[in-house]
Novice: 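Below are the structure tokens for one structure; questions will follow.
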Amino acid sequence: MTLANPRTGQIRMSADTSAAKSGNPAVTLTDGATGKTFQLPVLKGTTGPDVVDIRKLYGESGYFTFDPGFTSTGACESKITYIDGDAGILLHRGYPIEQLAEKSDFMEVCYLLLHGELPTVSEKVEFEKNITYHTMVHEQLAAFYRGFRRDAHPMAIMCGVVGALSAFYHDSTDIEDPQQRMIASHRLIAKMPTIAAMAYKYSIGQPFMYPKNELSYAENFLYMTFGVPCEPWKPNPILSKAMDKIFILHADHEQNASTSTVRTAGSSGANPFACIAAGIASLWGPAHGGANEAVLKMLKEIGHKDRIPEFVKRAKDKNDSFRLMGFGHRVYKNYDPRAKVMQQTCYEVLDSLGIKNEPLLPIAMELERIALEDEYFVERKLYPNVDFYSGIILKAMNFPTSMFTALFALARTVGWISQWKEMIEDPTQKISRPRQLYTGYTGRDYVPVEARG
Ligand code: SDX
């Protein structure tokens, strides 16, 4: 492969057959300007693309690689989640997402992501007990909410309140202590539903609801969100199961933008609460976790199937910043396996709630049909992603659109903290410090203000 470099000639890359024969696959780079060659090892995973190990490239060649957006860059080694974007495969510790969504539950998936194996009966009981007994938040944390306006976006509240957890839990911020790392992990997984539900209650002026230890993780979240002190609350098994499945579908997803943010924040030694707050901030963007909220807004703006062609046209117009929210993915160039499960769950929830004429569903289904037939989307392999149907389910469950990304953050916390833990425990871990291609001024003298034009 020849990488054209307009400034210094060309770098040619070729497989190093001799190295391969010796069982140590490598590539050889030849600098077209000097003829110098550099050998770079090729590292093989258990599946997925091999990687060219460029850690010594700059030291030996004086070259950086250049990959804004990391479209061709592996930033770490991981055993947690594997995605095959072409085949539409998603595995958590080797288990397909479809099987976990159908047969497992969110607490089991949390244990699996954190520890690498599905729990035994006793391990699951112990884990659920640990999570259950960390669901309450420090009573003074409630005071933080009163500092926000009632119409503050729940994600703004989550960023602030989760970051503030490190001010309350000093006994679990020593990242060198495995015990403290695990307590911090349990606390974050356990408290996110409480914090998210409190953000919702605060926005509608209702009292905060304390968690109930006899409820499951998903039931507790629905209770703290929709329960009120003056009435008994009974779990709806169908909604609780759907909530639990939605949590599973959002739990982890390899090195996405927010997970990479958590890893980068953690690489400096920042405490886990601060790192998760950084992940929440990154997830909020409409190109990432904020897409579920943006899909609902888009479907409402389309308003009727007849207007779909107008929006599809806008999505294809390079001069229009509009994109079909819930479509496309950096990795999936096939149907997002989570979207398939989400679509099925959508039908189940609407059916169980007796919602026969959800106006947004036919618009979503027609938009999907048109897009999957349209050459622009087919050519670019743009398929519905995890965010396309989730909003319709959450709307049917009476969540306001503004809470959608907060639910994504709630569920993704286990993925973030598992990836953070893996990074901290990686003996080769270093602080993340990328370099750049500098194209600014190369040096000029200061000009006093009176001499400036
Ligand atoms: C999530 O990374 C993860 O794993 C994320 C996630 C997770 O679980 O953590 O899966 C969760 O974030 C899902 C994605 C949610 N975002 C959206 O639904 C927003 C809409 N989608 C796009 O913004 C976009 O598809 C991205 C951001 C998701 C991916 O962007 P890429 O990989 O940088 O792709 P690109 O912008 O280079 O697009 C390639 C082409 C471009 O056209 P050309 O320049 O080649 O002509 O496809 C076009 C884009 O304009 N394109 C779209 C489009 N998405 C891409 N055109 C219209 N509508 C879209 N949605």
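Order of appearance sets the numbers: ligands from 1, and atoms from 1 within every ligand.
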Novice: Among the heavy atoms of E254, does any lie under 4.0 Å from an atom of ligand 1?
Specialist: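 The answer is no, since E254 has no heavy atom less than 4.0 Å from ligand 1.
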
Novice: Counting only heavy atoms closer than 4.0 Å, does ligand 1 sit against the backbone of P286, its side chain, both, or neither?
Specialist: backbone

Novice: Between K313 and E310, is the closest basic N to carboxylate O distance under 4.0 Å?
Specialist: no

Novice: What is the nearest protein non-hydrogen atom to atom 14 (C) of ligand 1, stated with its residue, atom name and distance?
Specialist: N385 ND2, 3.5 Å

Novice: Where the closest heavy atom to atom 57 (C) of ligand 1 is concerned, which of A315, A371, A251 has it?
Specialist: A315

Novice: Answer yes or no: is there an ion pair linking R181 with E425, defined by an N-O contact shorter than 4.0 Å?
Specialist: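 Salt bridge between R181 and E425, a charged N being under 4.0 Å from a carboxylate O: yes.
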
Novice: Below 4.0 Å from ligand 1: does a non-hydrogen atom of K318 turn up there or not?
Specialist: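 Contact check K318 vs ligand 1: positive.
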
Novice: Tell me, which protein residue and heavy-atom name are nearest atom 56 (N) of ligand 1, and how many Å apart are they?
Specialist: Y376 OH, 3.1 Å

Novice: Quick test: of every protein heavy atom, which one is nearest to atom 27 (C) of ligand 1, and how far off is it to 0.1 Å?
Specialist: A287 O, 3.9 Å

Novice: Considering heavy atoms of the protein only, find what lies nearest to atom 60 (N) of ligand 1 and give residue, atom and distance to 0.1 Å.
Specialist: L324 O, 2.8 Å

Novice: Identify which of F322, Y383, F327, F311 has a heavy atom lying nearest to atom 20 (C) of ligand 1.
Specialist: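 Nearest option to atom 20 (C) of ligand 1, by heavy atoms: F327.
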
Novice: Which of the atoms of ligand 1 are close to M325, meaning less than 4.0 Å from one of its heavy atoms?
Specialist: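 Counting from 1, the qualifying ligand atoms are 18 (O), 19 (C).
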
Novice: Against heavy atoms of A291, which atoms of ligand 1 measure under 4.0 Å?
Specialist: 15 (C), 16 (N), 17 (C), 18 (O)

Novice: Looking at Y332 versus Y383, is the centre-to-centre ring distance below 6.0 Å?
Specialist: no

Novice: Is the shortest side-chain N to carboxylate O distance from D426 to R263 below 4.0 Å?
Specialist: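 No.
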
Novice: Would you say ligand 1 has an N or O under 3.5 Å from any N or O of L382?
Specialist: no

Novice: Which option out of R330, R323, R412, R380 puts a heavy atom nearest to atom 38 (O) of ligand 1?
Specialist: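 Looking at heavy atoms only, the winner is R323.
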
Novice: For D86, is there an ion pair with K333 - N to carboxylate O distance below 4.0 angstrom?
Specialist: no

Novice: Less than 4.0 Å from atom 33 (O) of ligand 1, is there any heavy atom belonging to the protein?
Specialist: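 Yes, at least one protein heavy atom sits under 4.0 Å from atom 33 (O) of ligand 1.
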
Novice: Using a 4.0 Å cut-off to any heavy atom of N256, which atoms of ligand 1 qualify?
Specialist: 2 (O), 3 (C), 4 (O), 5 (C), 9 (O)

Novice: At a 4.0 Å threshold, what atoms of ligand 1 neighbour a non-hydrogen atom of G326?
Specialist: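 Every atom of ligand 1 under 4.0 Å from some heavy atom of G326: 17 (C), 18 (O).
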
Novice: So which bit of Y332 gets within less than 4.0 Å of ligand 1, heavy atoms only: side chain, backbone, both or neither?
Specialist: neither

Novice: Would you call I280 and W284 a side-chain contact if the rule is heavy atoms closer than 4.5 Å?
Specialist: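 Counting from C-beta outward, I280 and W284 never come under 4.5 Å.
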
Novice: Would you indicate whether the side-chain heavy atoms of Y376 and R380 approach each other to under 4.5 Å?
Specialist: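 Answer yes - side chains close enough.
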
Novice: Does atom 12 (O) of ligand 1 have any protein heavy atom closer than 4.0 Å?
Specialist: yes

Novice: Do the side chain of S267 and the main chain of T264 share a donor and acceptor less than 3.5 angstrom apart?
Specialist: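 Yes: the side chain of S267 pairs with the backbone of T264.
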
Novice: Using a strict threshold of under 4.0 Å (side-chain N to carboxylate O), is an ion pair present between K395 and E358?
Specialist: yes

Novice: Do any nitrogen or oxygen atoms of K333 come within less than 3.5 Å of a nitrogen or oxygen of ligand 1?
Specialist: no

Novice: Which protein heavy atom lies closest to atom 28 (C) of ligand 1, and at what distance to 0.1 Å?
Specialist: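 In this structure, atom 28 (C) of ligand 1 has G328 O, 3.7 Å as its nearest protein heavy atom.
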
Novice: If you define the side chain from C-beta out and look only at heavy atoms, does anything of L40 sit under 4.5 Å from L29?
Specialist: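 In contact.
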
Novice: Using only atom types and a distance under 3.5 Å, with no angle test, would you say the side chain of D336 pairs donor to acceptor with the backbone of V386?
Specialist: yes

Novice: Could you check whether K79 pairs with E77 (Lys NZ or Arg NE/NH1/NH2 to Asp/Glu carboxylate O, under 4.0 Å)?
Specialist: yes

Novice: Considering only the protein, which heavy-atom contact is closest to atom 4 (O) of ligand 1, and what is its distance?
Specialist: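 It is H253 ND1, 2.5 Å.
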
Novice: Among protein heavy atoms, which sits nearest to atom 15 (C) of ligand 1, and what does the distance come to when rounded to 0.1 Å?
Specialist: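 Atom 15 (C) of ligand 1 sits closest to the protein heavy atom D387 OD2, 3.2 Å.
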
Novice: side-chain hydrogen bond (donor to acceptor under 3.5 Å, both in side chains) for D67 and S72? Distances and angles first, verdict last.
Specialist: CA-CA 7 Å; D67 185 16; S72 304; 4.6 Å; no

Novice: Is the closest basic N to carboxylate O distance between R12 and D31 below 4.0 Å?
Specialist: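 Looking at D31 together with R12, the answer is no, because their closest N to O distance does not fall below 4.0 Å.
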
Novice: Under 4.0 Å from atom 48 (C) of ligand 1, do we find at least one protein heavy atom?
Specialist: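 It does: a protein heavy atom is found less than 4.0 Å away from atom 48 (C) of ligand 1.
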
Novice: If you measure from atom 6 (C) of ligand 1 to every heavy atom of H250, R314, K381, H329, which option wins on shortest distance?
Specialist: H329

